[in-house]
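The structure under discussion appears below in the form of C-alpha cells.
Both counts, for ligands and for their atoms, begin at 1 and track the order of listing.
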Amino acid sequence: VITSGGDCSGLNAALRAITFAAIAKGWDVWGIHNGSNGLIVRPMEYEHLTLASFEFPFATMGGTMLGTNNSNIMAHDNGRREKIDDKVVKERFKDGVAQLKLDALVVIGGDGSMPIIADLCKHAKIAMIGIPKTIDNDAPGTDLAIGFSTAREVVTDAMDKLDTTAASHHRVMLVEVMGRTAGHLALQSAITGFADAVLIPEIPYSYTNLVKHLRATQKKGRGHALVVIAEGIKRPNGEYSMANNGLNFNGVSQYFEQKLKADGFEVRANILGHIQRSGNPVAADRLLASAFGVHAIELLVKGKTNRVVVHQAGSVTDISLRESIKLGTTRVNPKGEIVRTAKALGIYVGEVK
Ligand code: F6P
C-alpha cells in the first residue's frame, strides 16, 4: 500500500483498515514509504505493516504514517529532492515490485498522482486498486474522497472563529480556501460557516455585484461579512494568483482585500493554508476510510483488479481505473443542489442563473 500526492486527514485510518482486513485474510501487507518513491530509491524504503504498527493511535491522527510525495518531486538515493528521469523511475519501480514480490498495490491517491502510478503499475505488470483521497473532493467518479469532511470541519471552525472578530470590528473577513480548480470545499464551507458570499472557480463572478451584495447586507443591518474565496478563482483580469514558482494557487484573497479596501470596506484577508490538510480525522472520514480500505481488500479477494473504490449515492462501490482516469477532475455543478442551497440562503455565489 502507498499513500501518494498531497496528504489529508484519514489516510492512517485507511492504512489501518487495509492492514486489518488483509491480515484477516492471512495476507502480508507492506507499507511503501513516501508514495511511489519508496520503491524507486535504493535502498528501498518500506515497512511490514502489522496490527502492532497501529499500537499507537496513528489512525486517529492526520498526515500519513508512511509519508507521501507529490508526483513531480522525487528524492534521489542521496536524499536530494528534485525530479528524476521518467525512465529511471519506471525501471526502478518495476524492479522494486519484483524485489518485494508484491502481488497487488493499493494506492491511496488523488486525481493527480493516481494516473501517474497507474502508468507505473502497468509497466511493472502489477494489479492496482485505487482509493480516492483529497481535501479538494474533486476525485473522479466519487461524491466523497477521504480527507474532505475533516477539511470542511477545519474551515468551518476557522470561519466560526473569524466571525466573532469580524463582528466585533464590523469588518469584512475574506477566507481563502484550498481546492485548486474545484470549489467543493469553499462552497460547502460557505454554507456550514454561514458566509455572506463565496467565489468558486466553476461560477463566474462580478466584482461589482459582490460589492452590491455586501452593501445590501450592511443596509439590512448586518455589520460584518464573511466571504469565502476559493484559491483557484481568477482575478477580474483573468489571471490566477500563484506561489511556489507557479505550482500552487495562493493569495487571491489579498488581491480582493486591496480592492475592497479601496472601495471603502474595513477588510482583512485570511489564507487558511495547510491547516486544511490537518487535524484528527472526523468520524465521517474515519468511516469512509475504513469502508474504502475494506472494499479494496474485498476486491482483491474476488480477484478484481485495476478498479478504483468510490462513494456513490450513499454506498461504497467501485469503477474501473480506466473510467476513473477518463472522467478526470469532478467540479461543482453550478446547477446542483449545493449551489441552489447557498443561493436560497442569500449567499452571493457568483453570476449563476
Ligand atoms: O490538492 C490538495 C491541495 O491541498 C490543494 O488544495 C492545494 O492547492 C495543494 O494541494 C497544495 O499543495 P502543496 O502541498 O504542494 O502545497
* To do: Report the C-alpha distance between Ile338 and Ile191 in whole Å, list the side-chain angles of each, state the deciding distance to 0.1 Å, and finish with yes or no for side chain to side chain contact (heavy atoms under 4.5 Å, CB included).
  => CA-CA 9 Å; Ile338 304 189; Ile191 295 172; 3.7 Å; yes
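- Residues that satisfy the side-chain contact (heavy atoms from CB on, under 4.5 Å) test with Ala59, not counting sequence neighbours, are Arg16.
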Pair up each side-chain donor or acceptor in residues 247-261 with any protein partner under 3.5 Å, not counting sequence neighbours, and list the distances.
unit_1, atom_1, unit_2, atom_2, d
Asn248, OD1, Asn244, ND2, 2.7
Ser253, OG, Glu176, OE1, 2.7
Glu257, OE2, Ala269, N, 3.1

* Asked: Could you walk me through whether Trp27 and Ile23 pass the side chain to side chain contact (heavy atoms under 4.5 Å, CB included) check?
  -> CA-CA 5 Å; Trp27 295 355; Ile23 287 174; over 6 Å; no
Which pairs of donor and acceptor atoms, one on a side chain in residues 287-302, lie under 3.5 Å apart (sequence neighbours left out)?
unit_1, atom_1, unit_2, atom_2, d
Ser290, OG, Arg286, O, 2.6
His295, NE2, Asp318, OD1, 2.7

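- The contact shell of ligand 1, taken as protein residues with any non-hydrogen atom closer than 4.0 angstrom, comprises Asn70, Ile135, Asp136, Met178, Gly179, Arg180, Glu231, Asn248, His274, Arg277.
- Contact of the Thr329 side chain with the Asp136 side chain is not registered, since no non-hydrogen atoms from C-beta on lie closer than 4.5 Å.
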